[in-house]
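Reviewing the structure listed below.
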Amino acid sequence: MSLSNTLSKIQSAESNAGRPTGSTKLIAVSKVQPLERVRAVLDQGHRIFGENKVQEAAGKWPDLRAEYGPVEVHLLGPLQTNKARQAMELFDAIHTLDRPKLATTFARLTKEVGRCPKLFVQVNTGAEEQKAGVSVDEADGFIAMCVGLGLPVVGLMCIPPFDEDPNLHFALLAEIAARNQLSELSMGMSSDFEVAIKAGATYVRVGSAIFGARSYD
Ligand SMILES: *Cc1c(COP(=O)(O)O)cnc(C)c1O
């Protein structure tokens, strides 16, 4: 359980899959983790992190960036429309574009903010009631709408159901990305990032395997 261990597992998975070293980027998911654990990973030179909440990220990353220099921070959790502007100012990438209202809000705010983070469309591959993301059936139409609005959509993201073989979900996400000419695939977490790399992940989102278990109290 550490950064170096995770990085070496990623490298082996890339090599086993016949993929070039470095073709998978590691997002170190620092949500809820104590600051000293986050600093330890920064001190080892890692510069790509993921957060689930705008508020939590806003309380952490402006200071850490001032101290450590440029750090790429990705938003991985659901985004309320009224926090879109703050998210656009804070994050380098947003993995949870999941509805037309958010897409039109990003498009409208891009001029005012002066930039738009890289965007991933979240797809609810397991058709789970409680999970965000566009349905598999709506994905092509929604991606086309976002591209039509001029949004910088670079890829797709999914979170497979806990109790299912993630392979089918990763393969489905890869297929939707390919037919929409999107090159980035955000898939795979601590429990399944090696499987995701085999299925073509270009970003894996790993938290507990790097930082240790999250404590919510
Ligand atoms: C928390 C979270 C992760 C990391 O989960 P681990 O199991 O700790 O690796 C990845 N992706 C999303 C969307 C998350 O919310």
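Given the structure is predicted, the values throughout are model-derived calculations rather than measurements. For ligands, and for the atoms within them, numbers begin at 1 and follow the listed sequence.
What sits closest to atom 5 (O) of ligand 1 on the protein, heavy atoms only, is Met189 CE, 3.5 Å. Among all protein heavy atoms, the one lying closest to atom 2 (C) of ligand 1 is Lys31 NZ, 2.6 Å.
Using a 3.5 Å distance cut-off with no hydrogens or angles, the side chains of Thr202 and Glu184 do pair a donor with an acceptor.
Near Leu76, meaning under 4.0 Å from any of its heavy atoms, are these atoms of ligand 1: 13 (C). Interface of Arg205 with ligand 1, defined as ligand atoms under 4.0 Å from a residue heavy atom, comprises 4 (C), 9 (O), 10 (C), 11 (N), 12 (C), 13 (C). Interface of Asn52 with ligand 1, defined as ligand atoms under 4.0 Å from a residue heavy atom, comprises 14 (C), 15 (O). Near Gly207, the atoms of ligand 1 lying under 4.0 angstrom from a non-hydrogen atom of the residue are 4 (C), 6 (P), 8 (O), 9 (O). Taking every non-hydrogen atom of Ile159 and a distance limit under 4.0 Å, the qualifying atoms of ligand 1 come out as 13 (C). Taking every heavy atom of Val206 and a limit of under 4.0 angstrom, the matching atoms of ligand 1 come to 9 (O).
Using a 4.0 Å cut-off between charged side-chain N and carboxylate O, Glu89 and Arg115 make no salt bridge. With respect to the salt-bridge test (charged N to carboxylate O, under 4.0 angstrom), the residues Asp92 and Lys118 do not qualify.
Checked against the 6.0 Å centroid threshold, Phe49 and Trp61 count as a close aromatic pair.
For CD of Gln130, the number of neighbouring non-hydrogen atoms (other residues, nucleotides, ligands) closer than 6.0 Å is greater than 12.
Comparing Ser190, Gly188, Cys158 against atom 9 (O) of ligand 1, the shortest heavy-atom distance belongs to Ser190.
Taking the ring pair (Phe, Tyr, Trp, His ring centres under 6.0 Å) definition, one finds that Tyr203 meets it with His74, Phe120, sequence neighbours left out.
Here His95 has no heavy atoms under 4.0 Å from ligand 1, in either its backbone or its side chain.
The cationic atom of Lys131 (NZ for Lys, CZ for Arg) lies less than 6.0 Å from the six-membered ring centre of Phe162 and within 45° of the ring axis.
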